[in-house]
Each structure stands twice: as structure tokens, then as C-alpha cells.
Number of protein chains: 2
Amino acid sequence: MISKACKYGIRAVIFVASKKTEGLKFNIKQIAREVDAPEAFTAKILQFLNKNHVITSLKGPYGGFFIEDYQLDQPIINIVNAIDGMSVFKECGLGLKQCSSVYPCPMHDQYKIARDALLNTFQKTSIRQLAEQLNEGGFYINNQNVLAENI
Amino acid sequence: MISKACKYGIRAVIFVASKKTEGLKFNIKQIAREVDAPEAFTAKILQFLNKNHVITSLKGPYGGFFIEDYQLDQPIINIVNAIDGMSVFKECGLGLKQCSSVYPCPMHDQYKIARDALLNTFQKTSIRQLAEQLNEGGFYINNQNVLAENI
DNA sequence: TTCAAAAAAGACAATTTTATCTTTTATAAA
DNA sequence: TTTATAAAAGATAAAATTGTCTTTTTTGAA
Ligand code: FES
Ligand code: FES
């Protein structure tokens, strides 16, 4: 569906956003631990999201990653778009070189509806919304609740 | 979303099904050409689908791939399941180790709806249906209609 | 029974994605 | 100004997916 890199990225951003407090920043080690993601890989992803202005970083001591006010109301699709691009939401479900209603594959009509619904989900959901849900409780962005027997 | 292997597989199966006539079989070369898929790779995929009883093959001269009556009413999900498995339809949209309403990620409620809709699309659509649509015209399983300028 | 055609099987290669490690650069505080 | 800290950048490495090529097996017809 979407890449692991993208999923790590979304979880990391939600975590940072959920902890947004004046001046508070988080370093890679903390973030990776909190969202159960490989540290070095997450570093690359966040570095890239910073370049794409999804989140913000500051080097040096007392530095780290944080999210600015103007970044908090971005839809989640911004993160997906930055990392994976929009191709999943444009591609033909049967792999034709282009999805089009003029030259549709036999699944086009049904597939497009489901694909658009998924796109809509990512478009209408903001970073702020997910961060708030996380803070309200009952939602998780790591596996630390999962019982050993279920892994 | 789903793998390229799976998409090649679906297109190949639809093609074979659309040409189903008593005793008529198609070899890899014909099938790969008709669905714009790499020949050797498609061979592996069809070989696998035969093992999984999605289609049927016969070796030797006058052999090839064909689909039997009892195989024609399978839902497309059977092909997806054989090649990719069902994990896409079970996985957490944010990559948690398990998707569950007991320990949901902040996107769970919305994501699950879209993911289930996609699953439903693959479940309710049969090989026969897609093959018939193809035969009725206006639908395509290759790129041979695509204008060079659009590639 | 021989032969040619076709899939099956197996080995291997290329590409993409995921992941790690090392070095460099920026920065804030002492 | 020095120092410690943290991200950025760059170089690799591992794994998964996609793709190809060669050899073997099956099979129908001549
Ligand atoms: S053409 Fe296949 S999904 Fe649109
Ligand atoms: S827990 Fe994330 S989608 Fe269900």
C-alpha cells in the first residue's frame, strides 16, 4: 500500500506533533524508540521530511526535531506525497501504464472508487487530528502494548 | 498497493479467460504479448497460479494455459491471495505490527474502512465478470492503445 | 518410437527498498 | 573560543522484488 519508510515517517511526525510544547524538541533516538522504528532509517526519513517542510529540525545541542504551528494542520497526504509520491493514488489497479477512463482496464470503475476513498482518507486527516487522538488516549503509535504471544 | 507480479497475473488470467473456447490454449509467448508483460516473469507467475489451481496448464505440443469452467467464477482476490497473500488487507496503515480495534493506531477507524472497501472490490469481482467486460469492448488489458507521446 | 513443442524447475542477475555505519556540519552553552 | 551535542550527508550493506536464462520434464502427433 504505502512504503514502510512512509509509515515510519507518519508515526514519527504524529509523535513529535503530539508532544508539541513551546521549545520542546526530540532527537532521533527518542523518536525512534517511541515509534518502534529503526533509528538510522528514521533519521534519513525525518531529514527528508525536514527538507520538504513537513517538520522542522535544528542541529546542535538542545536541537532536535519539532513541528511548527504552520505545519500542524497539514493533511497526512503531505507526508505520503513527500516520501512515496502520489503514484499509488494514480496508478492502474491492474498495472497498465496509465489509468484513464478513456482506456480503462476492466477493474477501473470499481478500483478507482476504492483508491479515491483511500486518497480521501489521507487528504482529510491532518497531523493535528491524529496527534490529538493520540493524546486523548486509546490510540497507539508503537507496539509496546502488544503481548509477546501475539507477535 | 499490490505487487507487479500480481497485476501481471490478473491481466494474464483475464486474457486467458476472455478467450476461453473449447480446447483453446495459449502459450506464454502469446499471453505475455497480449498483456504487455515480461515473458519469463509471466511464465513463473502462471506456473505458480497453476499450482494454486487458479488456472490450468498442459505441457507439450498443443499445450499451454487455459481456464476451466470451475475456475471461471473465482473472485479476483483468489489471484491476489495466491501471489501476494492477504496481508495488505490486514496490515495497519501506519505499520504497527498488528492492526486491531483494541490497540488501534490513530488512523485505524478511517483506514480500515478504505482498506475493507478495496478488499470488497477484489472479493466481489470474478474472473468471469472481467473477461466478459473485456469481450464487450471499451476495456483494455495492455498498453497498445496508449499514444507514444503519453508514455 | 521419435521428435518437436510447451511448461516446469532451477540458477542467476538487476533493481528497488530497507537499513546501517561513518564523517561532516551546525549550534548552543560554558 | 572551546566543547559537546545533534542533525546532515555520504557511503555501504542487506533484503525483497522483479526479471532473465538454461536445463529438464511432459506430451501429442507424425
Ligand atoms: S485503468 Fe486500471 S484502474 Fe484505471
Ligand atoms: S491499527 Fe492501524 S490501521 Fe488498524
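Computed from a predicted model, the values in this text were never measured in an experiment.
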Checklist entry - Going by distance alone, is a donor N or O of one side chain under 3.5 Å from an acceptor N or O of the other, for A:Q71 and A:T56? => result yes
Checklist entry - So what does A:F26 hit on the nucleic acid, given a heavy-atom distance under 4.0 Å: a base, only sugar-phosphate, or nothing? => result sugar-phosphate
Checklist entry - Between atom CZ in B:F48 and atom C1' in D:dT18, what is the gap in whole Å? => result 15 Å
Checklist outcome for this item: When rounded to whole Å, the CZ to P distance for the pair A:R11 and C:dT18 reads 13 Å
Next on the checklist: Heavy-atom nearest nucleotide on DNA chain C for A:L58 versus B:G60: which residue maps closer to 5'?
Outcome noted: B:G60
Item to check | Listed nucleotide nearest any side-chain atom of A:N27, set D:dA7, D:dT18, D:dA29 | outcome: D:dA7
Next on the checklist: Whole angstroms only, please: what is the CD1-C1' distance between A:I31 and D:dA8?
Outcome noted: 15 Å
Checklist entry - Closest to the B:P61 side chain: C:dG10, C:dA7, C:dA5? => result C:dA5
Next on the checklist: If hydrophobic clusters are built by linking Ile, Leu, Val, Met, Phe, Trp and Tyr wherever their side-chain heavy atoms come under 4.5 Å apart, do A:L58 and A:I31 end up in the same one?
Outcome noted: no
Item to check | Atom-to-atom span, CD of A:Q47 to C1' of D:dA11 - whole angstrom | outcome: 13 Å
Checklist entry - Can you check the B:F66 CZ to C:dA7 C1' distance for me, whole Å? => result 12 Å
Item to check | Given DNA chain D, 5'-ward residue of the pair B:Y62 and A:K51, judged by closest heavy atom | outcome: A:K51
Checklist entry - Side-chain N or O of B:N50 less than 4.0 angstrom from OP1 or OP2 on C:dA8? => result yes
Item to check | Nearest-neighbour nucleotide for the A:S57 side chain, C:dA29, D:dA8, D:dG28 considered | outcome: D:dA8
Checklist entry - When you check the gap from the basic side-chain N to the acidic O, do B:K20 and B:D69 get nearer than 4.0 Å? => result yes
Next on the checklist: Does A:L46 reach a base, just sugar-phosphate, or nothing at all? Heavy atoms under 4.0 Å.
Outcome noted: nothing
Item to check | Touch class at under 4.0 angstrom, heavy-atom based, for A:K7 against every strand present | outcome: nothing
Checklist outcome for this item: Of C:dA9, D:dA6, C:dA7, the nucleotide closest to the side chain of A:K59 is D:dA6
Checklist entry - B:Y8 near the nucleic acid: base, sugar-phosphate alone, or nothing, with a heavy-atom cut-off under 4.0 Å? => result sugar-phosphate
Checklist entry - Can you tell which of C:dT18, D:dA8, C:dA8 lies closest to the side chain of A:F41? => result C:dT18
Item to check | Non-hydrogen atoms of B:P75 and B:Q123 that approach each other most closely | outcome: CB-O, 3.2 Å
Checklist entry - Taking the side chain of A:P38 as heavy atoms from C-beta outward, which of D:dA11, D:dC21, C:dA19 is closest to it? => result C:dA19
Checklist entry - Considering only D:dC21, D:dT18, D:dA8, which nucleotide approaches the side chain of B:K44 most closely? => result D:dC21
Next on the checklist: Is it the case that over 12 heavy atoms from other parts of the model lie below 6.0 angstrom from the NZ atom of B:K112?
Outcome noted: no
Next on the checklist: Quick check on DNA chain C: between B:K29 and A:E39, whose nearest nucleotide comes earlier from the 5' end?
Outcome noted: B:K29
Checklist entry - Atom CD1 of B:I45 to atom C1' of C:dA7: distance rounded to whole Å? => result 15 Å
Item to check | Spacing of A:K4 atom NZ relative to C:dT17 atom P, expressed in whole Å | outcome: 14 Å
Item to check | More than 12 heavy atoms of other groups within 6.0 Å of B:K19 NZ | outcome: no
Checklist outcome for this item: From CD1 of A:I83 across to C1' of C:dT18 the rounded distance in Å is 13 Å
